[in-house]
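Everything on this sheet refers to the single structure shown next.
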Amino acid sequence: MAEVVLFHHVQGLTPGVVAFADELRAAGHTVHTPDLFDGRTFDSLDEGAEFAGQVGFGEIAARGVRAADPLPRDVVYAGFSLGALPAQKLAQTRPGARGALLMHACIPVSEFGAAWPEQVPVQVHAMEDDPFFTEDADAARALVAEAPAAELFLYPGDRHLFADRSLPSHDAEAAGLLTRRAVAFLGSLDGGARA
């Protein structure tokens, strides 16, 4: 079974993020959910984005890296939207990553290195008409074209945080499919550490 570090989105460590982690745990995986906002949650994307802007996106990524420091290196890094920032950074730069799950976002690979590590499988999940993901779609397609074990899953609709069941943007059908795909992805990873 995989060990996963799941980073929350810009509205904080919501009950929906915890519920997603619990679904992965129910499938037998160990899941850590670091709180990069020190217990704060926000009712809207705008409020959360304002807070994240005050903290600084570089600092949020650094908090994610620090949260992973005490954990084993052979983990899967996962992130919802803003959480994809530290997840992707760690998957690309911390040796030993077993995989990455990037949900609702994808950062250009060049942000963290010359290329995606070829031994790290990755999945990207988003709604095809999500206005926030539109900015990331080219980066996601480039990642899938470059990385040997990469998949991009686009779901019908225009909701951003559709996999968070505690938010109005939740889409039960799409979220259920995403969860099944994530569980299958984690189950496909071998037991050994990666270089």
Please lay out, stage by stage, how Gln11 and Leu167 fare under the test side-chain contact (heavy atoms from CB on, under 4.5 Å). CA-CA 10 Å; Gln11 289 181 245; Leu167 299 179; 3.6 Å; yes

message = Pair Phe153, Arg181 - check side-chain contact (heavy atoms from CB on, under 4.5 Å), show working.
response = CA-CA 9 Å; Phe153 294 105; Arg181 286 171 167 163; 3.4 Å; yes

Discussion item. With salt bridge (Lys or Arg N to Asp or Glu O under 4.0 Å) as the criterion, how do Glu23 and Arg165 come out once you've worked through the C-alpha distance, each side chain's angles and the decisive distance to 0.1 Å?
Written reply: CA-CA 12 Å; Glu23 290 192 65; Arg165 69 174 66 168; 2.4 Å; yes

Could you walk me through whether Val5 and Val76 satisfy the side-chain contact (heavy atoms from CB on, under 4.5 Å) test, starting with their C-alpha distance in whole Å, then the side-chain angles of each, then the deciding distance to 0.1 Å, before giving a yes or no? CA-CA 6 Å; Val5 185; Val76 176; over 6 Å; no

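A donor-acceptor pair under 3.5 Å links the side-chain atoms of Arg94 to the main chain of Ala68, judged by distance alone. Under the 3.5 Å distance criterion, the side-chain polar atoms of Ser169 are matched with a main-chain donor or acceptor of Leu161. With hydrogens and angles disregarded, a donor-acceptor distance shorter than 3.5 Å links the side chain of Asp171 to the backbone of Ala174. With hydrogens and angles ignored, the 3.5 Å screen pairs no side-chain donor or acceptor of His125 with any backbone N or O of Leu178. Using modelled atom types, one side-chain atom of His104 and one backbone atom of His160 make a donor-acceptor pair closer than 3.5 Å.
How far CD1 of Ile60 is from CG of Leu82: 5.0 Å, rounded to the nearest 0.5 Å. From Gln88, atom CD reaches atom CG of Leu101 across 12.0 Å, with rounding to the nearest 0.5 Å. Distance OG/Ser81 to CZ/Phe133: 10.5 Å, rounded to 0.5 Å. Atom CG of residue Leu143 and atom CG of residue Asp138 lie 12.5 Å apart, to the nearest 0.5 angstrom. Rounded to the nearest 0.5 angstrom, Arg159 CZ and Phe132 CZ are separated by 14.0 Å. Residue Leu6 holds its CG atom at 5.5 Å from CE of Met103, rounded to the nearest 0.5 Å.
No donor-acceptor contact under 3.5 angstrom links the side chains of His8 and Thr33, judged on distance only. Between the side chains of His32 and Glu3, at least one donor N or O lies within less than 3.5 Å of an accepting N or O. Side-chain atoms of His9 and Asp164 form a donor-acceptor pair, as typed in the model, at a separation below 3.5 Å.
Counting all heavy atoms, side chain and backbone alike, His170 lies closest to Ala172 at CE1-CA, 3.5 Å. For Ala78 against Val4, the heavy-atom pair with the smallest separation is CB-CG1, 4.0 Å. The two residues Ala67 and Pro70 have their closest heavy-atom pair at O-CD, 3.4 Å. Nearest heavy atom pair, residue Gly16 against residue Ser166, reads N-OG, 3.0 Å. The two residues Pro131 and Asp158 have their closest heavy-atom pair at CD-O, 3.5 Å.
Note on Leu189 and Met1: separate hydrophobic clusters, where clusters join Ile, Leu, Val, Met, Phe, Trp and Tyr whose side-chain heavy atoms are under 4.5 Å apart, directly or indirectly. Clustering ILVMFWY residues whenever any of their side-chain heavy atoms sit less than 4.5 angstrom apart, transitively, puts Phe112 in a cluster other than the one holding Val109.
Inter-residue side-chain proximity for Arg98 and Leu186 is flagged as unmet; no heavy-atom pair is nearer than 4.5 Å. Side chains of Tyr155 and Glu128 form no contact here, defined as non-hydrogen atoms less than 4.5 Å apart. Considering only heavy atoms from C-beta on, Glu118 comes within 4.5 Å of Pro148 through its side chain. For the pair Pro86 and Arg63, the minimum side-chain heavy-atom distance is 4.5 Å or more. At least one side-chain heavy atom of Trp116 sits under 4.5 Å from a side-chain heavy atom of Gln92. No side-chain heavy atom of Gln123 sits less than 4.5 Å from a side-chain heavy atom of Leu102. A 4.5 Å side-chain heavy-atom check between Ile107 and Lys89 finds every atom pair outside the cut-off. Within the 4.5 Å cutoff, no side-chain heavy atoms of Glu50 are placed close to those of Phe42.
A salt bridge is absent between Glu146 and Arg141; no separation between the charged side-chain nitrogens and carboxylate oxygens falls under 4.0 Å. Salt bridge absent: Asp69 and Arg66 never bring a charged side-chain N and a carboxylate O closer than 4.0 Å.
Between Phe51 and Phe37, the angle of the ring planes goes over 60°, which puts this pair in the perpendicular group of the 30/60° scheme.
At most 12 heavy atoms of other shown residues, nucleotides or ligands fall within 6.0 angstrom of atom CD in Glu173.
With ring centers used as reference points, Phe7 lies 6.0 Å or more from Tyr77.
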